[in-house]
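Everything quoted here is computed from the prediction, not taken from an experiment.
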Amino acid sequence: MQVTIGSTADGEPVISEEDQALMLRHGLGFALEVVRLVNRLDKPVAVRCIISANTTNGKFRFHRARPGESWLTADLDSYARGWPVEKLIVVDSGPAGLGGTPW
């Protein structure tokens with residue numbers, strides 16, 4: 001399915017709630033594929049995929065999870081207080097306790 005992006009009078013992009021959810025679903029599918037491929041490596045590593053969407057854009061980021069490193073704030077609710085409000089999905093793959101994660 002295709003995401004429709006409108007714009008304000010100032011030319012700023014506007015993405016509907018429905019299309020933000022669609023971007024998150026696509027991002028989740030991509031994250032699961034990244035995890036599957038990483039797990040097939042000769043030496044699998046822990047990874048974290050971060051998928052986000054808001055009224056102006058969507059992002060997909062991933063990185064190797066390492067002890068003591070995190071690309072997220074500990075207060076995940078803070079993403080909902082920003083402007084524009086972020087919707088966020090985090091997919092972790094790896095051993096429990098790595099990188100300050102809740103695993």
Side-chain angles (χ1 to χ4, degrees):
M1 298 185 89
Q2 187 173 350
V3 172
T4 302
I5 302 173
S7 63
T8 65
D10 296 342
E12 182 159 335
V14 176
I15 303 170
S16 71
E17 291 281 330
E18 182 178 312
D19 283 337
Q20 290 174 56
L22 177 61
M23 290 191 305
L24 290 171
R25 284 193 300 275
H26 284 293
L28 177 58
F30 186 59
L32 295 174
E33 182 65 9
V34 167
V35 168
R36 186 186 71 77
L37 292 171
V38 166
N39 286 333
R40 291 183 60 198
L41 294 172
D42 289 337
K43 294 183 180 179
V45 297
V47 294
R48 170 173 275 176
C49 300
I50 305 167
I51 307 106
S52 64
N54 62 38
T55 57
T56 63
N57 66 71
K59 297 176 199 156
F60 181 93
R61 296 176 283 166
F62 73 99
H63 68 281
R64 182 175 180 172
R66 295 181 176 91
E69 293 182 7
S70 179
W71 287 11
L72 294 172
T73 179
D75 178 15
L76 293 180
D77 289 334
S78 68
Y79 292 99
R81 292 189 294 267
W83 183 255
V85 173
E86 293 279 339
K87 292 155 187 68
L88 189 72
I89 297 173
V90 179
V91 176
D92 288 330
S93 171
L98 181 63
T101 65
W103 325 324

Residues forming a side-chain contact (heavy atoms from CB on, under 4.5 Å) with F62, sequence neighbours excluded: V34, C49, F60
Sequence neighbours excluded, every pair satisfying salt bridge (charged side-chain N to carboxylate O under 4.0 Å, His left out) that has a member inside residues 24-35: E33-R36
Between CD1 on residue I15 and OG1 on residue T4, distance to nearest 0.5 Å: 10.0 Å
M23 reachable from I5 in the ILVMFWY side-chain graph, under 4.5 Å edges: yes
Point-to-point distance, once rounded to the nearest 0.5 Å, from CD of E86 to CD1 of I51: 12.5 Å
Heavy-atom closest contact (L88 atom, S52 atom, distance): CD1-CB, 3.9 Å
Same apolar cluster (I L V M F W Y, side chains within < 4.5 Å links), L37/V91: no
pair K59-I50: side-chain heavy atoms closer than 4.5 Å: no
Residue list, side-chain contact (heavy atoms from CB on, under 4.5 Å) with V45, at least two apart or on another chain: V38, V47, R64
Reported CG-to-CD distance for the pair N54 and E17, which is rounded to 0.5 angstrom: 10.0 Å
